[in-house]
J.: 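Please find one structure pasted underneath; my questions will follow.
Note that the numbering runs from 1 along the sequence shown for the chain. Hydrogens, waters and symmetry mates play no part in the numbers below; they use all other heavy atoms, side chains included.
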Amino acid sequence: MKIMTSYKGSIFLVVLITFLSCNSNKKENKNNIHHSSTLQKTSSEVVDDNSRENFKFSIADTIKTSNSYFFSNPNSKDIFQLIIEPGLAKDSKAKLLIMTADKKIIYTQSFGAFYFLKGIDEPETVPTGNQKDYEKYIEKYRKSLTQKQYQAYFKKRIDSFFEEISLIEKNKYDDFKEWEEDISDKDFLNEALSDSIIKLMDITCFDCDEGGTVIGYSRKQNKVVTLLEHD
């Protein structure tokens with residue numbers, strides 16, 4: 001993975017995604033879907049943090065970085081490309097594209113570039129005391145952030161961006177049957193369960209505090225299909 005700009009970076013965010021179940025047996029099964037994480041239905045609400053107005057970090061040039069995975073075709077890897085537009089990071093847009101080996105775009109997700117600054121205003125330690133003291137401390141900390149700190153944090157976040165994209169193990173697919181009411185495309189679920197070639201992938205919701213989307217490439221529909229959105 002190579003980033004083609006001086007303003008680049010990412011930090012690994014561990015997102016715990018939890019599926020609500022109707023009984024304890026279902027919940028136990030769901031806990032095994034995606035590594036040590038579990039899945040749950042999500043809302044589409046976009047989190048808009050007012051504190052972003054305090055962030056004056058600018059992206060000088062268009063940022064492009066990519067990784068590749070076997071996804072839509074078992075014989076050739078697809079290119080997963082991140083593109084970030086220049087401008088103030090609090091206002092700029094970012095885009096995740098999935099392209100086949102012959103450059104055909106099969107998936108697009110757009111989100112705010114502010115994603116790459118989330119958490120920069122959270123100090124490692126905070127004073128004990130009342131809420132007023134805490135708010136004063138946070139305000140002072142935010143004002144103390146330098147452009148060098150912004151750039152280093154932004155770079156760190158981009159560097160680990162593709163850690164927020166994960167292929168789901170094939171032996172976990174059966175667990176999706178437990179949440180039939182939450183599945184966006186039941187025909188595609190049946191296709192994924194019966195076709196050993198189809199790969200399912202979990203992509204973080206970059207405009208949310210948590211959650212993500214499970215997608216796969218349907219060979220019957222000849223396109224990327226959303227299987228599930230989750231918290």
J.: Roughly how far, to the nearest 0.5 Å, is the OH atom of Tyr217 from the CG atom of Asp78?
T.: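 One gets 9.0 Å once the value is rounded to the nearest 0.5 Å.
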J.: Taking atom types as modelled, find out whether Ser218 and Glu191 have a side-chain donor-acceptor pair closer than 3.5 angstrom.
T.: yes
J.: Output all residues satisfying ring pair (Phe, Tyr, Trp, His ring centres under 6.0 Å) with Tyr69, sequence neighbours left out; order by chain, then residue number.
T.: Phe80
J.: Mind checking whether Leu82 and Ser66 have side chains closer than 4.5 Å, heavy atoms only?
T.: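 Not touching, per the 4.5 Å side-chain cut-off.
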J.: Hey, could you give me the OG/CG distance between Ser72 and Asn222, rounded to the nearest 0.5 Å?
T.: 9.0 Å
J.: What heavy-atom pair brings Pro86 and Thr62 nearest, and what distance separates the two atoms?
T.: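 Looking at all heavy atoms of both residues, the closest pair is CD-OG1, 3.4 Å.
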J.: State yes or no: do Tyr141 and Tyr150 share one hydrophobic cluster built from I, L, V, M, F, W and Y residues joined by side-chain heavy-atom distances below 4.5 Å, directly or via other members?
T.: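 In one cluster: yes.
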J.: Looking at every heavy atom in both Tyr115 and Phe206, which two are closest together, and how far apart are they?
T.: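 For Tyr115 versus Phe206, the nearest heavy atoms are CD1-O, 3.2 Å.
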J.: Just jot down the side chain to side chain contact (heavy atoms under 4.5 Å, CB included) partners of Asn75, sequence neighbours excluded, or say none.
T.: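 For Asn75 the side chain to side chain contact (heavy atoms under 4.5 Å, CB included) partners, ignoring immediate neighbours, are Asn73.
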J.: Is the closest side-chain donor-acceptor distance between Gln109 and Tyr107 under 3.5 Å?
T.: yes
J.: Under the 3.5 angstrom rule, does the side chain of Thr204 hit a backbone N or O of Glu164 as a donor-acceptor pair?
T.: yes
J.: Look only at the side chain of Thr146 and the backbone of Gln149, and say whether a donor-acceptor pair between them is shorter than 3.5 Å.
T.: yes
J.: Ignoring hydrogens and angles, tell me if any N or O in the side chain of Ser68 forms a donor-acceptor pair with the backbone of Ile79 under 3.5 Å.
T.: no
J.: Are Ile203 and Leu97 connected, step by step, through hydrophobic side chains (Ile, Leu, Val, Met, Phe, Trp, Tyr) whose heavy atoms are closer than 4.5 Å?
T.: no
J.: Going by heavy atoms in the side chains, are Ile98 and Ile215 under 4.5 Å from each other?
T.: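 Side-chain contact under 4.5 Å: yes.
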J.: Side chains of Tyr134 and Thr128: does their closest heavy-atom pair fall under 4.5 Å?
T.: no
J.: Is it the case that more than 12 heavy atoms not belonging to Lys223 sit under 6.0 Å from its NZ atom?
T.: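 Atom NZ in Lys223 is not crowded, with 12 or fewer foreign heavy atoms closer than 6.0 Å.
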J.: Which pair of non-hydrogen atoms, one from Ala113 and one from Phe154, has the smallest distance, and what is that distance?
T.: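 That closest heavy-atom pairing would be O-CE1, 4.1 Å.
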J.: Is it true that Leu167 and Phe161 fall in one hydrophobic cluster, defined by side-chain heavy atoms closer than 4.5 Å?
T.: yes
J.: Would you call Asp133 and Lys136 a salt bridge, using N to O less than 4.0 angstrom?
T.: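 No.
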J.: Is there a donor in the side chain of Asp182 and an acceptor in the side chain of His230, or the other way round, less than 3.5 Å apart?
T.: no
J.: I'd like to know if the side chain of Asp207 and the backbone of Gly112 have a donor-acceptor N/O pair within less than 3.5 Å.
T.: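 Side chain of Asp207 to backbone of Gly112: a pair is present.
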J.: Taking atom CG of Leu193 and atom NZ of Lys177, what is their separation to the nearest 0.5 Å?
T.: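 Those atoms lie 6.0 Å apart.
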J.: How long is the straight-line distance from CD1 of Ile63 back to CD1 of Ile59, given to the nearest 0.5 Å?
T.: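 Atom-to-atom, Ile59:CD1 and Ile63:CD1 are 5.0 Å apart.
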J.: Side chains of Leu228 and Leu189, heavy atoms from C-beta outward: is any pair under 4.5 Å?
T.: no
J.: Check whether any side-chain N or O of Tyr153 sits under 3.5 Å from a backbone N or O of Lys118 as a donor-acceptor pair, and report yes or no.
T.: yes
J.: Could you report the tightest heavy-atom contact between Phe162 and Thr65, atom names first, then the distance?
T.: CZ-O, 3.9 Å
J.: Quick check for you: to the nearest 0.5 Å, what is the distance between Lys95 atom NZ and Phe111 atom CZ?
T.: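 Here the rounded value is 11.0 Å.
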J.: Tell me, do Leu227 and Leu200 make a side-chain contact under 4.5 Å, heavy atoms counted?
T.: yes
J.: Is the count of non-hydrogen atoms from other residues, nucleotides or ligands lying under 6.0 Å from Glu180 atom CD greater than 12?
T.: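 No, because the 6.0 Å sphere around CD of Glu180 holds 12 heavy atoms or fewer from other groups.
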J.: Can you find a side-chain donor-acceptor pair between Gln221 and Asp187 that sits under 3.5 Å?
T.: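 There is no such pair (donor and acceptor under 3.5 Å, judged by atom type) between the side chains of Gln221 and Asp187.
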J.: Report yes if the side chains of Gln81 and Leu96 come closer than 4.5 Å at any heavy-atom pair, otherwise no.
T.: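 When only atoms from C-beta onward are counted, Leu96 and Gln81 do not touch, as no gap falls below 4.5 Å.
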J.: Find the distance between CD (Gln151) and CZ (Phe57) and round it off to the nearest 0.5 Å.
T.: 5.5 Å
J.: Heavy-atom distance under 4.5 Å between the side chains of Ile138 and Pro123, does that happen here?
T.: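 Yes. Closest side-chain heavy atoms under 4.5 Å.
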J.: Ile198 and Tyr173: which non-hydrogen atoms are nearest, and at how many Å?
T.: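 Nearest heavy atoms, Ile198 then Tyr173: O-OH, 3.5 Å.
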J.: Taking C-beta and beyond as the side chain, do Thr213 and Asp202 meet within less than 4.5 Å on heavy atoms?
T.: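 SC-SC contact between Thr213 and Asp202 ruled out.
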J.: Do Phe188 and Ile183 share a hydrophobic cluster (ILVMFWY, side-chain heavy atoms under 4.5 Å, transitive)?
T.: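 Yes, Phe188 connects to Ile183 through the hydrophobic network.
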J.: Are Met99 and Ile83 in one and the same hydrophobic cluster, where Ile, Leu, Val, Met, Phe, Trp and Tyr link if side-chain heavy atoms are under 4.5 Å apart?
T.: yes
